[in-house]
Amino acid sequence: MPTTAPFSRPFLLRNTLLALAALLAWDAGGLDLPLARLFGDAAGFALRDHWLLGPVMHEGGRLLGWLGALLLCLGVWWPRGPLRGLARRHRLQLAVSTLAAALAVSVLKGFSSTSCPQELALFGRSAQYLSHWRWPGTADGGSGHCFPAGHASAGFAFVSGWFAFRRAGQRGQADGWLLAALAAGLLLGLAQQARGAHFMSHTLWSAWLCWVVAWALDGLFNRQAAGRAAPSCLEP
C-alpha cells in the first residue's frame with residue numbers, strides 16, 4: 001500500500017529537525033532551572049517522596065511500561081486488541097523498535113555524568129549545576145547518570161507504534177497510538193520533574209531520541225520488506 005503524504009521522508013525529516021531545533025533552543029535559553037524552581041528551593045523538593053509521584057507514578061509507571069513492552073513481544077505471535085490489525089512483520093517492528101528506543105535512552109544514561117536536580121547545591125545538596133552537553137566524565141559532584149530521562153522513555157518508547165500502524169495503512173490508529181505514547185511519556189516526565197528527579201530537557205530529549213530510533217528502525221524494516229518483495233534478477 002502506498003504511503004500517504006504526511007508519511008513521506010521530507011515530512012518526517014522536516015518535523016524531526018524542527019523538534020531538534022526547539023530542543024537546542026530550550027537548552028540555549030537555560031529554561032531548565034526556572035522550571036525546576038517552581039517545584040524546589042534551597043530546602044529541596046517538597047514532592048520528592050509524595051505517594052502519588054513516587055510509588056504510583058514512578059514505580060507503577062515503570063512496571064506498566066515493561067508490561068506493555070512484554071505484551072508487544074507476545075503479540076508478535078499472539079496478537080490481541082489493535083495488534084490484530086497488523087501483519088506479523090509490523091508487529092515485530094513495533095516490539096523491536098519499542099525495546100530499542102528504551103535501550104538507547106538507557107545506554108546514553110549510563111555514559112552521562114549529569115546529576116539529577118535533587119542532588120544540586122541549588123536545591124539543598126552538594127552537586128554543581130553543569131550543562132548536560134559538557135564533555136563526558138566532567139564530574140559535577142553528584143552521582144550522575146540522569147540524562148536523558150529513562151523513566152519518561154517508558155512512555156515515549158511506544159511512539160514506534162505510529163510507524164507500524166501507518167505502514168499497515170491504519171492512519172487513525174497510528175495517530176491515536178502516537179498521542180497516547182507522547183502523553184504517557186510527558187506525564188511521567190512531569191512527575192519526575194516535580195520530584196526533582198529530572199530537568200524538563202531530560203524528558204524532551206528522551207522523546208526525541210525515541211522518535212529517531214523508531215524512525216530509523218522503520219526504514220530498516222521497510223527496506224528489508226521491499227527486498228523480499230522484489231523479484232530476483234536470477235529468476236527466469
Side-chain angles (χ1 to χ4, degrees), residues 1-23 61-62 64-108 148-190 200 202-226 229:
M1 177 177 294
T3 56
T4 56
F7 196 54
S8 66
R9 183 175 299 176
F11 172 85
L12 292 174
L13 180 60
R14 180 176 65 253
N15 286 280
T16 300
L17 291 178
L18 284 174
L20 176 61
L23 285 174
R62 178 184 300 168
L64 283 176
W66 282 113
L67 177 60
L70 175 61
L71 292 176
L72 291 183
C73 292
L74 293 175
V76 175
W77 295 277
W78 302 288
R80 294 291 185 272
L83 298 183
R84 292 180 181 273
L86 297 177
R88 178 171 291 184
R89 67 183 179 91
H90 293 135
R91 299 198 300 269
L92 179 63
Q93 173 185 337
L94 175 53
V96 170
S97 299
T98 299
L99 292 173
L103 179 62
V105 171
S106 180
V107 168
L108 288 175
H151 191 61
S153 70
F156 291 138
F158 291 88
V159 298
S160 54
W162 187 82
F163 295 92
F165 281 103
R166 289 298 292 259
R167 288 293 178 193
Q170 300 184 39
R171 182 171 180 174
Q173 189 71 252
D175 292 345
W177 193 284
L178 176 63
L179 289 175
L182 292 176
L186 184 59
L187 182 62
L188 294 174
L190 286 172
M200 180 52 63
H202 300 182
T203 295
L204 299 177
W205 277 106
S206 181
W208 191 82
L209 288 167
C210 286
W211 173 264
V212 170
V213 170
W215 183 18
L217 286 174
D218 174 71
L220 178 61
F221 272 87
N222 191 48
R223 282 194 296 271
Q224 289 179 336

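At least one donor-acceptor pair closer than 3.5 Å links the side chain of Arg91 to the backbone N or O of Gly75. Side chain of Gln173 to backbone of Pro82: no donor-acceptor contact under 3.5 angstrom is found.
With sequence neighbours excluded, no residue forms a side chain to side chain donor-acceptor pair (under 3.5 Å) with Trp215. Asn15 meets the side chain to side chain donor-acceptor pair (under 3.5 Å) test with no other residue; sequence neighbours excluded. By the ring pair (Phe, Tyr, Trp, His ring centres under 6.0 Å) test, Trp66 is found to be paired with no residue, residues two or more places apart in sequence or in another chain being considered. For Thr98, the side chain to side chain donor-acceptor pair (under 3.5 Å) partners two or more places apart in sequence, or in a different chain, are Ser160. Here Ser106 pairs with nothing under the side chain to side chain donor-acceptor pair (under 3.5 Å) rule; sequence neighbours left out. Considering only residues two or more places apart in sequence or on other chains, Ala95 meets the side chain to side chain contact (heavy atoms under 4.5 Å, CB included) condition with Leu72, Cys73, Val76.
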* To do: Dump the intermediate steps for ring-ring contact (aromatic ring centres under 6.0 Å, His included) on Trp208 and Trp211, then the final yes or no.
  => CA-CA 5 Å; Trp208 191 82; Trp211 173 264; 10.0 Å; no

* Verdict with supporting geometry, Phe165 and Asp175, side-chain contact (heavy atoms from CB on, under 4.5 Å) -> CA-CA 9 Å; Phe165 281 103; Asp175 292 345; over 6 Å; no

* Asked: What's the verdict on ring-ring contact (aromatic ring centres under 6.0 Å, His included) for Phe163 and Trp177, showing C-alpha distance, side-chain angles and the deciding distance?
  -> CA-CA 10 Å; Phe163 295 92; Trp177 193 284; over 10 Å; no

* Asked: Which is it for Trp162 and Leu94 under the side-chain contact (heavy atoms from CB on, under 4.5 Å) test, yes or no, and what are the steps along the way?
  -> CA-CA 9 Å; Trp162 187 82; Leu94 175 53; over 6 Å; no

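Contact detail for Pro148 and Leu108: the closest heavy-atom pair is CD-CB, 3.8 Å. Nearest heavy-atom pair across His151 and Arg62 is CE1-N, 3.6 Å. Heavy atoms only, all atoms of each residue included: Ala102 and Ala157 are closest at N-CB, 4.0 Å. A pairwise comparison of heavy atoms in Leu99 and Ala69 identifies CD2-CB, 3.9 Å as the closest pair.
Side-chain contact between Leu220 and Gln224 is present, with heavy atoms from C-beta onward closer than 4.5 Å. Side-chain contact between Gln93 and Asp218: present, with at least one pair of heavy atoms (C-beta onward) separated by less than 4.5 Å. Looking only at side-chain heavy atoms (C-beta outward), Phe156 and Val105 stay at 4.5 Å or farther from each other. Counting heavy atoms from C-beta on, the side chains of Leu83 and Arg80 never come closer than 4.5 Å. Using a 4.5 Å heavy-atom threshold, the side chains of Leu17 and Leu13 count as touching.
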